[in-house]
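Remember, it's 1-based here, ligands and their atoms both numbered in the order they're listed. We use all heavy atoms of the structure for the numbers below, so side chains are in, but hydrogens, waters and symmetry mates are not.
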Amino acid sequence: MRRIVIVSNRVAPVNETASKGATGGLAVAILDTLRESNGLWFGWSGNVREAPVASPAIAEPTRDNPFETVTVDLTPAEHSGYYNGYANRILWPVLHYRTDLMEYHSEDFRTYQRVNANFVSQLVPLLREDDLIWLHDYHLMMAPRDLRQAGVKNRIGFFLHTPFPSAEVFATLPNHRELISSLCHCDLIGFQTPGDLRAFEDYITHEAGGQVHTNEEFEAFGRQFRAQVFPISIDPEAFAGAARESSRSNIANRLRESLDGRALMVGVDRLDYSKGLPERFLSFEHLLDRYPENRRRVTFLQIAPYSRTEVPEYKLIRSRLEGLSGRINGRFSEVDWTPLRYINRGLARKTLAGVLRHSRVALVTPLRDGMNLVAKEYVAAQDPEDPGVLVLSRFAGAAHELKEALIVNPLDYENTGEALQRALSMSLDERKERWSALMETIRQQDITAWRKSFIAALKAH
Ligand code: ADQ
């Protein structure tokens with residue numbers, strides 16, 4: 001089998017990933033791909049150092065992990081300009097339709113280009129002739145051009161984990177042409193949903209003056225390549241197993257006891273403005289306002305660990321949520337009932353699976369999301385004999401597949417509140433029917449299918 005070289009912003013610490021499953025579905029998919037091909041995983045170590053080590057750190061394969069990891073450090077200036085700056089304050093908001101939050105500085109783009117070029121120059125000497133190169137996500141959009149300029153002839157694939165916004169929105173990025181003309185040096189570009197692919201096609205035809213042929217063949221910036229949809233997923237059986245086991249754990253018992261027979265509603269997200277958390281809190285408030293019979297009977301648990309804490313927009317959303325959660329609890333709490341439990345810590349993967357299993361309703365209501373794996377994890381975690389209800393934003397990539405969820409527009413918080421009421425009062429028969437259909441969809445397009453179909457398409461080009 002040909003070796004697969006995965007390049008991503010961050011290389012997850014392998015031991016931690018294996019033991020705690022800490023980084024979720026994506027890390028699992030990447031590890032399986034690497035194990036199967038005796039591959040190589042290249043990216044940032046997570047360390048920021050004044051004077052980074054000149055050559056990358058190479059961790060040799062072990063029996064459990066028969067692949068190499070190669071990591072590089074970032075300087076404080078690179079971390080600030082490339083990661084916090086261009087990736088997270090410029091690209092991330094635009095890819096999630098938040099052009100209003102883009103904080104553009106051309107210097108950040110130069111640093112982004114420099115870091116992409118540095119990744120490539122450290123990677124190239126390690127490449128073999130028939131390696132398949134698989135680049136991940138918006139941090140590395142300049143890498144395809146740099147690889148070709150370094151003379152690399154290997155097949156190159158790129159998968160975008162975020163949405164690809166409409167062409168008009170993407171073109172608000174001052175560097176949109178450089179980014180897309182670089183991507184066109186790939187042989188294969190993968191998107192999460194047909195909507196993302198359509199937006200990209202629109203960009204290629206109307207902004208780049210390129211052509212889209214049948215069979216997902218593209219021509220632009222003097223290059224020919226393919227672009228296709230590969231919806232990312234989870235390992236539903238493994239997650240279901242973890243949920244079953246965890247539902248008998250200590251934490252699950254503590255949770256059950258603390259609820260005292262009340263129905264649990266749950267939200268699990270990184271604390272990010274794309275996840276629609278304020279709107280979600282408002283929809284819960286609407287539920288309690290409009291349907292007072294839920295007071296004392298329902299508890300909403302929102303788990304939202306801090307992320308990107310150095311980025312100012314994340315500090316703002318944090319204080320907005322603290323205000324809203326305080327207001328809701330202040331308005332409705334009683335001496336023996338707190339309606340909203342708002343937690344800023346992550347949970348171990350297995351614990352999370354148990355919490356999801358115990359929840360009557362899940363609120364997965366991002367304003368934009370490439371896919372949203374929590375939606376799929378929630379379905380997989382359910383008890384088939386008594387499944388809960390998924391309330392899902394139409395703006396999550398997952399909504400394209402998970403059609404039997406209760407689909408909402410999170411910007412209409414009253415309507416989402418109505419959907420919560422419907423979810424809480426749904427009959428067992430309807431819950432089972434919806435859950436079976438959702439689970440079947442997830443089983444058919446699981447994480448193994450995702451990685452295998454991407455690799456097959458990259459080879460087949
Ligand atoms: P994220 O924006 O991080 O990922 P998501 O897909 O929901 O979003 O979650 C990633 C993983 O982290 C999930 O497996 C989830 O269980 C886990 N996780 C989230 N919050 C957690 C918590 N509080 N405690 C423990 N675990 C938690 C990006 C894109 C998504 C896309 C993925 C994969 O933004 O749209 O689905 O990549 O492509």
(request) Tell me which one of Ile234, Asp369, Ile303 gets a heavy atom nearest to atom 34 (O) of ligand 1. (result) Asp369
(message) Using a 3.5 Å cut-off on N or O atoms only, is Met371 in polar contact with ligand 1?
(response) yes
(message) Heavy-atom distances under 4.0 Å decide this one: backbone, side chain, both or neither, for Tyr138 against ligand 1?
(response) neither
(request) Out of Arg349, Gln302, His96, His161, indicate the one that has the non-hydrogen atom closest to atom 29 (C) of ligand 1. (result) His161
(request) Return a yes/no value for Trp92: is any of its N or O atoms, backbone included, closer than 3.5 angstrom to an N or O of ligand 1? (result) no
(message) With a heavy-atom distance limit of 4.0 Å, tell me whether Leu352 approaches ligand 1 through its side chain, its backbone, both, or neither.
(response) side chain
(request) Heavy-atom distances under 4.0 Å are what count here, so tell me which part of Leu373 touches ligand 1: side chain, backbone, both or neither. (result) both
(request) Output, in order, the C-alpha distance, side-chain angles, deciding distance and verdict of side chain to side chain donor-acceptor pair (under 3.5 Å) for Asp269 and Gln302. (result) CA-CA 8 Å; Asp269 313 73; Gln302 175 63 53; 3.0 Å; yes
(message) To the nearest 0.5 Å, what is the distance between CG on Leu363 and CZ on Phe284?
(response) 9.0 Å
(request) Find all atoms of ligand 1 within a distance of less than 4.0 Å from any non-hydrogen atom belonging to Gly370, and give their numbers and elements. (result) 35 (O)
(message) Any nitrogen or oxygen of Gln192 lying under 3.5 Å from a nitrogen or oxygen in ligand 1? Just yes or no.
(response) yes
(message) For Glu401, run the side chain to side chain donor-acceptor pair (under 3.5 Å) check against Lys376, Gln192, Gln445 and tell me which one passes.
(response) Lys376
(message) Here's one to test your reading of the geometry: is the NZ or CZ of Arg451 within 45 degrees of the ring axis of Trp134 and under 6.0 Å from its centre?
(response) no
(message) Whether Lys350 and Glu245 form a salt bridge (side-chain N of Lys/Arg under 4.0 Å from carboxylate O of Asp/Glu) is what I want to check.
(response) yes
(message) Test side chain to side chain donor-acceptor pair (under 3.5 Å) on Arg297 and Asn294; report intermediate values, then the result.
(response) CA-CA 5 Å; Arg297 297 227 179 102; Asn294 291 304; over 6 Å; no
(request) From the options Val268, Val266, Asn372, select the one residue that forms a side-chain contact (heavy atoms from CB on, under 4.5 Å) with Val364. (result) Asn372
(request) Report, in ascending order of atom number, the atoms of ligand 1 lying under 4.0 Å from any heavy atom of Val374. (result) 7 (O), 15 (C)
(request) State, yes or no, whether a side-chain contact exists between Leu197 and Glu201 at a heavy-atom distance under 4.5 Å. (result) yes
(request) Identify the heavy atoms of Ala380 and Ala240 that sit nearest to each other, and give their distance. (result) O-CB, 3.3 Å
(message) Out of all atoms in ligand 1, which are within 4.0 Å of some heavy atom of Val268? Include the element for each.
(response) 20 (N), 21 (C), 22 (C), 23 (N)
(message) What I want to know is whether Leu347 and ligand 1 share at least one N or O pair that is separated by under 3.5 angstrom.
(response) yes
(request) Using distance alone, decide if ligand 1 has a nitrogen or oxygen within less than 3.5 Å of any nitrogen or oxygen in Ala304. (result) no
(request) Could you tell me whether Lys376 approaches ligand 1 through its side chain, its backbone, both or neither, with non-hydrogen atoms closer than 4.0 Å? (result) neither
